[in-house]
Amino acid sequence: MTISGSGPRMLPTERMTPRRQLEMIDVMAELGGTGRASLLGSTIASRMGMARKTVSRAAGFLTQAGLTQPLRSSWALTEVGLSLARLRGTDSARARLLLRDHWKDIWFQQVAVRFLTSGPLDEQEFAKHLSAGLPGRPERAVYLVEWMTYALLIERDELGQVSLPVAQRRPDGPPSAGPEPQSLLDPLFSAPVTQISALPDDQFLALMGAYRTVFSSLTPGNAKRSAS
């Protein structure tokens, strides 16, 4: 299940950082159990040591994002929200991938595709695009940038530039006329590190042995000894 980008737009509350909002989901999973029981805002707030009003404001964005659902004066996790909490405790990488897939069609991802396809932007400038026409303090859009970074929807570098992940970026330059001839070393140099490291042990060792032989034969000293 993914969230459609056609729904209402809401920014995260500025009263609770994304890290604390994730903790709120964890608390709801712990208190609500596998049945995803509904919880009063005061119950959640008491457990987290914060005001009920802060919990209510956080729940607004989390509900729009498909992680919680309102039930009169209480809230419960959605199935995705519960799955996120469970994965966060066992496999943080899969938790982030779950959120990425869940939000792939949501409105703020559409904004990212619209403004980042042509290249990276300063984080503050991108935050302004996210908050355009929406009420609230600037921190709310900055917190949304943090959420999107956590969910692997965007990447942020050490200079404060945000961009789309490599797989979503527009290719630079004209399309290639066709595959170029490969050199002997191309299979190794072009393969992602993760693909090579994921090989079974016997295949990995065989591959490394083959390339060691190639490099050894290309070394001047070894080549002379081979010729003699």
Side-chain angles (χ1 to χ4, degrees), residues 2-29 39 41 44-45 47-70 75-78 80-85 87-89 92-93 95-116 120-165 168:
T2 59
I3 300 297
S4 171
S6 60
R9 300 186 173 194
M10 181 178 294
L11 297 170
T13 177
E14 74 279 7
R15 297 188 175 210
M16 192 188 299
T17 65
R19 179 183 64 81
R20 287 288 277 166
Q21 291 176 51
L22 283 165
E23 290 176 5
M24 176 174 158
I25 293 172
D26 295 339
V27 166
M28 293 180 68
L39 302 165
I44 302 170
R47 183 61 176 270
M48 298 187 69
M50 58 178 54
R52 181 188 182 284
K53 188 174 183 180
T54 300
V55 169
S56 298
R57 291 192 176 188
F61 170 75
L62 296 177
T63 295
Q64 179 213 243
L67 301 177
T68 62
Q69 54 189 355
W75 290 271
L77 290 178
T78 62
V80 174
L82 180 59
S83 296
L84 177 63
L87 284 173
R88 273 173 45 78
S92 59
R96 298 174 71 183
L97 289 170
L98 171 72
L99 206 51
R100 180 199 65 182
D101 294 341
H102 183 56
W103 283 350
K104 67 179 182 179
D105 295 323
I106 202 167
W107 70 267
F108 45 79
Q109 175 61 2
Q110 293 182 357
V111 173
V113 171
R114 178 182 176 188
F115 288 100
L116 298 179
L121 289 176
D122 178 79
E123 177 182 355
Q124 297 293 332
E125 182 179 355
F126 178 59
K128 290 180 180 178
H129 289 306
L130 290 172
S131 61
L134 298 177
R137 300 177 63 179
E139 291 91 338
R140 299 182 69 179
V142 174
Y143 281 176
L144 182 52
V145 173
E146 291 188 21
W147 265 112
M148 295 176 71
T149 303
Y150 175 81
L152 305 175
L153 296 174
I154 59 175
E155 297 175 350
R156 180 171 51 186
D157 63 22
E158 64 278 2
L159 299 178
Q161 297 279 304
V162 296
S163 60
L164 292 175
Q168 298 183 48

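The chain is numbered in sequence order, starting from 1.
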Check side-chain hydrogen bond (donor to acceptor under 3.5 Å, both in side chains) between Glu155 and all other residues, then give those that pass, not counting sequence neighbours.
-> Arg169
Verify the ring-centre separation between Phe108 and Trp147: is it less than 6.0 angstrom?
-> no
Hey, does Leu144 have a side-chain heavy atom less than 4.5 Å from the side chain of Phe61?
-> yes
Hits for side-chain contact (heavy atoms from CB on, under 4.5 Å) against Arg88, two or more places apart or cross-chain, chain-then-number order -> Leu22, Asp26, Leu84, Ala95, Tyr150
Here the gap from Glu139 atom CD to Ser131 atom OG, rounded to the nearest 0.5 Å, amounts to 11.0 Å
When the side chains of residues 12-19 are checked against the rest of the protein, which donor-acceptor pairs come out under 3.5 Å, sequence neighbours left out?
unit_1	atom_1	unit_2	atom_2	d
Thr13	OG1	Arg15	N	3.1
Thr17	OG1	Arg20	N	3.3
Arg19	NH1	Glu23	OE2	2.5

What distance separates Ile154 CD1 from Leu164 CG, expressed to the nearest 0.5 Å?
-> 8.5 Å
Under the side-chain hydrogen bond (donor to acceptor under 3.5 Å, both in side chains) test, residues paired with Gln69 that sit two or more places apart | none
With sequence neighbours excluded, what pairs up with Leu39 under the side-chain contact (heavy atoms from CB on, under 4.5 Å) test?
-> Met28, Leu31, Ile44
Chi angles and distances behind the side-chain contact (heavy atoms from CB on, under 4.5 Å) call for Trp107, Arg9 = CA-CA 7 Å; Trp107 70 267; Arg9 300 186 173 194; 3.7 Å; yes
By side-chain contact (heavy atoms from CB on, under 4.5 Å), Pro70 pairs with (sequence neighbours left out) Thr63, Trp75
Audit row: Leu87, Ser92, side-chain contact (heavy atoms from CB on, under 4.5 Å) steps and yes/no = CA-CA 6 Å; Leu87 284 173; Ser92 59; over 6 Å; no
Using a 4.5 Å cut-off on heavy atoms from C-beta on, say whether the side chain of Val145 contacts that of Phe126.
-> yes
Going by heavy atoms in the side chains, are Val162 and Pro120 under 4.5 Å from each other?
-> no
Looking only at heavy atoms, which two atoms of Ala29 and Leu82 are closest? And how far apart?
-> CB-CD1, 3.9 Å
Measure the shortest side-chain to side-chain distance between Leu152 and Pro165 over non-hydrogen atoms and say whether it is less than 4.5 angstrom.
-> no
Full working for side-chain contact (heavy atoms from CB on, under 4.5 Å) between Met148 and Trp103 = CA-CA 9 Å; Met148 295 176 71; Trp103 283 350; 5.7 Å; no
Do Leu62 and Ile25 come within less than 4.5 Å of each other through their side chains, counting heavy atoms only?
-> yes
Please list, chain by chain and in numerical order, all residues satisfying side-chain hydrogen bond (donor to acceptor under 3.5 Å, both in side chains) with Arg156, sequence neighbours excluded.
-> Glu123
Shortest non-hydrogen contact from Met24 toward Ala58 = SD-CB, 3.9 Å
Just how far is it from atom OG of Ser83 to atom CG of Leu77, taken to the nearest 0.5 Å?
-> 9.5 Å
Compare all side-chain heavy atoms of Leu121 with those of His129 and state whether any distance is below 4.5 angstrom.
-> yes
Closest heavy-atom pair, Asp105 versus Gln110, reported as atoms and distance to 0.1 Å, is O-NE2, 3.4 Å
Pairs meeting criterion salt bridge (Lys or Arg N to Asp or Glu O under 4.0 Å) with involvement of residues 47-61, two or more places apart = Glu30-Arg47
Just jot down the side-chain hydrogen bond (donor to acceptor under 3.5 Å, both in side chains) partners of Thr54, sequence neighbours excluded, or say none.
-> none
Less than 4.5 Å apart, any side-chain heavy atom of Leu67 and any of His102?
-> yes
